[in-house]
Amino acid sequence: MLHISDLEQIEKFRYLQSDLRDRWKCVEGDESDTSDVDILVIPSLSLDQRELKKVEGYEHYEERLLFALIRLWNPRNRLIYVTSVPLHPSIIDYYLQMLPGIPFSHARNRLLLLSTYDSSLKPLSQKILERPRLLQHIQHALRIDKSFMICYNSTGFEAQLSLKLGVPLYAAAPDLQTWGTKSGSRQIFAEAEVPHPDGSKLMWNISDLAEAGAELWERQPSLQRMVVKLNEGISGEGNALLDLRPILEFAPDKASHQERVNKITESFNNMSFQAKQETWSTFSGRIPELGAIVEAFVEGDVKLSPSVQGRITPTGEVEILSTHDQILGGPDGQIFLGCKFPADRDYRLQLQQLGLQIGRKLAEKGALERYGVDFIVVKQNGKWDIQAIEINLRKGGTTHPFMTLKLLTNGRYEPSTGLFYSQQGRPKYYIATDNLQKERYRGLLPNDLMDIIAQHRLNFDTGTETGTVFHLMGCLSEFGKLGLTSIGDSPQQAEEIYNKVVKVLDEETPNSDNDFSSLSKQTFPISWEGFS
């Protein structure tokens, strides 16, 4: 991963970012805003590409920021959206037709779609930097003094792109991304005095990792399992679970420290890996490069995984944007599949408070824009024990569904209740996923999906402000994978809308016995009780 190390370049980048103080209110697309801005969307997944490959269909995840097209509701805004390969025209038409009160042709004329025509395994931002003529084309298309740039995550590539274009990037600076790693998250939790599981500092080799695991076990002799996490893993795909119960004869007081270290080292090879294709050989090979931590696995019979999303403005204010209960899957329930908004009322206000503490600490470090914090909550004696797990300094799986809701309804999030209200004062709820995936959906083209949506009236209705918004449509044909956000006026209605979409898609596609394990089985693990 490229890093900007030159102090002068970092200062130039931060100076350019200071322009956001005058422009940041345009970023969220408030309908009362009458600004006249150009928005440059660079949906580059500038992550470790080998880790990213663990996410099936990642090639199409550049589509996840297409909710930004909804910002064209402001008839004075212009938007440039750059992708690695061209987007299907039907996908663009789909988003533009959702704009209430704006003629399709007017919005389309204010949208410039550009592509690198490069499907290679490189971050999009790097591909753009390698094409000087494309850079020049983007620069000429922008009104530089009225522009800002948004991205999926911020690295040296995005910073270089920002500097070359002279356009401020609304994201945390690349040198601050360490606070979004597994080890950096733990440091922020400690400084913010937020409860989090016992664990280690960052380790760079297997022997040190085993030593840290033995010390963790000795601090917690009753520990049953521990998690080994690659420092820059994404969506839980970089996690592995070590079960201590089969090796209890090496527990504290039953074996020497060195025997315990040796046995843990041996047991690494038998860990449960969350990514389907992962092995100890490939996992361990990444440790010297990315680093890893070991952390106590939070046990519990009644256990959920909520998250809180916040924003740090260019003026230094910290705001809570939303809370969610995450829907997780994988061998040990550590892979993000989707989410429900809002989080349970029993703990969502407490999540907000912890999220504020973390956000203020991040702001002290100089971080900017969105951050998300994942938690584990366990019910004990009628109360929820809350433990922070990790920070994401990027647009995550909960960003696009919430922003879709906000931009389509122009509603507001109310921190006193943790609910979102439309302009009509109705609370809104949704279920969202990036992982509605079935073998039977393979071969569906974007136009096929549009036909199904129209025939069965599955789309979002701007009149009732309910329905479904689809994304990741480019994943359908090759991977049988689709993303969607189903919005309702109650938790039950949101679930009914979601279930209808899956039922219709199943009826419209051939039968197959090879369904992928995902949300599509419709057995929601989270009760809706407590969400209203």
Side-chain angles (χ1 to χ4, degrees), residues 23 26-43 60 62-117 134 136-150 167 400 403-411 422-423 445-474 476 483-485 487:
R23 307 180 197 180
C26 313
V27 175
E28 294 303 312
D30 189 335
E31 194 172 276
S32 63
D33 176 39
T34 58
S35 61
D36 178 14
V37 298
D38 289 354
I39 306 163
L40 174 61
V41 184
I42 307 294
H60 300 279
E62 290 176 7
E63 296 178 23
R64 287 211 301 183
L65 295 192
L66 279 172
F67 69 80
L69 269 61
I70 303 172
R71 300 175 188 209
L72 292 170
W73 61 259
N74 184 331
R76 301 175 68 187
N77 285 350
R78 304 190 312 175
L79 193 142
I80 299 176
Y81 201 102
V82 190
T83 53
S84 293
V85 296
L87 296 168
H88 194 286
S90 294
I91 297 174
I92 301 303
D93 293 349
Y94 170 77
Y95 282 93
L96 295 183
Q97 287 165 356
M98 287 191 288
L99 297 174
I102 300 294
F104 174 89
S105 59
H106 193 277
R108 187 63 185 84
N109 287 337
R110 291 180 285 114
L111 171 65
L112 177 61
L113 299 171
L114 297 173
S115 173
T116 64
Y117 292 88
L134 178 58
Q136 189 176 50
H137 187 32
I138 294 171
Q139 192 169 44
H140 287 169
L142 289 167
R143 296 169 294 178
I144 298 299
D145 60 334
K146 295 183 176 183
S147 301
F148 62 85
M149 172 177 153
I150 61 175
V167 174
H400 54 281
M403 288 305 299
T404 297
L405 173 66
K406 179 177 173 61
L407 292 167
L408 281 176
T409 66
N410 192 34
S422 69
Q423 281 196 314
L445 302 177
N447 284 342
D448 298 327
L449 179 64
M450 299 305 165
D451 289 342
I452 294 171
I453 290 171
Q455 180 180 350
H456 295 276
R457 301 183 182 276
L458 299 178
N459 208 6
F460 182 81
D461 186 326
T462 56
T464 64
E465 297 182 323
T466 62
T468 296
V469 180
F470 296 84
H471 67 280
L472 287 183
M473 289 176 268
L476 258 180
L484 56 90
T485 302
I487 301 169

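Below, each value reflects all heavy atoms present in this structure, side chains not excepted, and no hydrogens, waters or symmetry copies.
Within the 4.5 Å cutoff, the side chain of Ile42 has no heavy atoms near those of the Ile150 side chain. Inter-residue side-chain proximity for Met473 and His60 is flagged as unmet; no heavy-atom pair is nearer than 4.5 Å. Put simply, the side chain of Val85 does not reach to within 4.5 Å of the side chain of Tyr117, judged on heavy atoms.
Residue Leu112 holds its CG atom at 10.0 Å from CG of Asp38, rounded to the nearest 0.5 Å. Rounding to the nearest 0.5 Å places CD1 of Ile453 at 11.5 Å from CD of Gln455. Taken to the nearest 0.5 Å, the CD1 atom of Ile102 stands 9.0 Å off from the CG atom of Leu72. The line from OG1 of Thr404 to CG of Leu484 is 11.0 Å long, rounded to the nearest 0.5 Å. Summarising the geometry, atom CZ belonging to Arg78 is positioned 10.0 Å from atom CZ belonging to Arg110; distances are rounded to the nearest 0.5 Å. The distance from atom CD of Gln423 to atom CG of Asn410, rounded to the nearest 0.5 Å, is 4.5 Å.
Enclosure of atom NE2 in His88 by more than 12 non-hydrogen atoms of other residues, nucleotides or ligands within 6.0 angstrom is indicated.
A donor-acceptor distance shorter than 3.5 angstrom exists from the side chain of Arg108 to the backbone of Leu111, with no hydrogens or angles considered. No donor-acceptor distance shorter than 3.5 angstrom exists from the side chain of Asp451 to the backbone of Asp448, with no hydrogens or angles considered.
Residue Tyr81 is tested with Leu114, Leu65, Ile39, Leu40 for a side-chain contact (heavy atoms from CB on, under 4.5 Å); the sole match is Leu65. Looking at Met98, His400, Lys406 one by one, the single match for side-chain contact (heavy atoms from CB on, under 4.5 Å) with Phe67 turns out to be His400.
Closest heavy-atom contact between Leu96 and Ala107: CD2-CB, 4.2 Å. The two atoms that bring Thr468 and Asn459 nearest to each other are O-OD1, 3.3 Å, heavy atoms only. Contact record, Ile80 with Leu142: CD1-CD2, 3.5 Å, taken as the closest heavy-atom pair. When all heavy atoms are compared, the tightest approach of Ala68 to Val41 is CB-CG2, 4.0 Å. Considering every non-hydrogen atom in both Met149 and Val167, the closest pair reads N-CG1, 3.7 Å. The minimum heavy-atom distance between Ile487 and Glu465, with the atom names listed, is CG2-O, 3.8 Å.
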* Determine, stepwise, if the pair Arg143 / Asp36 fulfils salt bridge (Lys or Arg N to Asp or Glu O under 4.0 Å). => CA-CA 10 Å; Arg143 296 169 294 178; Asp36 178 14; 2.9 Å; yes
* To do: Could you check His456 against Ile452 for side chain to side chain contact (heavy atoms under 4.5 Å, CB included), going step by step and ending with a plain yes or no?
  => CA-CA 6 Å; His456 295 276; Ile452 294 171; 4.1 Å; yes
* Asked: Should Glu62 and Ser84 be marked as a side-chain hydrogen bond (donor to acceptor under 3.5 Å, both in side chains) after you check the CA-CA gap, both sets of side-chain angles, and the distance that decides it?
  -> CA-CA 8 Å; Glu62 290 176 7; Ser84 293; 2.7 Å; yes
* **Worked check of side chain to side chain contact (heavy atoms under 4.5 Å, CB included) between Val469 and Tyr94** => CA-CA 9 Å; Val469 180; Tyr94 170 77; 4.0 Å; yes
* Evaluation steps, side chain to side chain contact (heavy atoms under 4.5 Å, CB included), between Glu63 and Ile91 -> CA-CA 9 Å; Glu63 296 178 23; Ile91 297 174; 4.0 Å; yes
* Phe104 and Asp93: CA distance, side-chain angles, deciding distance, side chain to side chain contact (heavy atoms under 4.5 Å, CB included) verdict -> CA-CA 8 Å; Phe104 174 89; Asp93 293 349; 3.2 Å; yes
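Between the side chains of Asn447 and Ser90, at least one donor-acceptor pair of N or O atoms lies under 3.5 Å.
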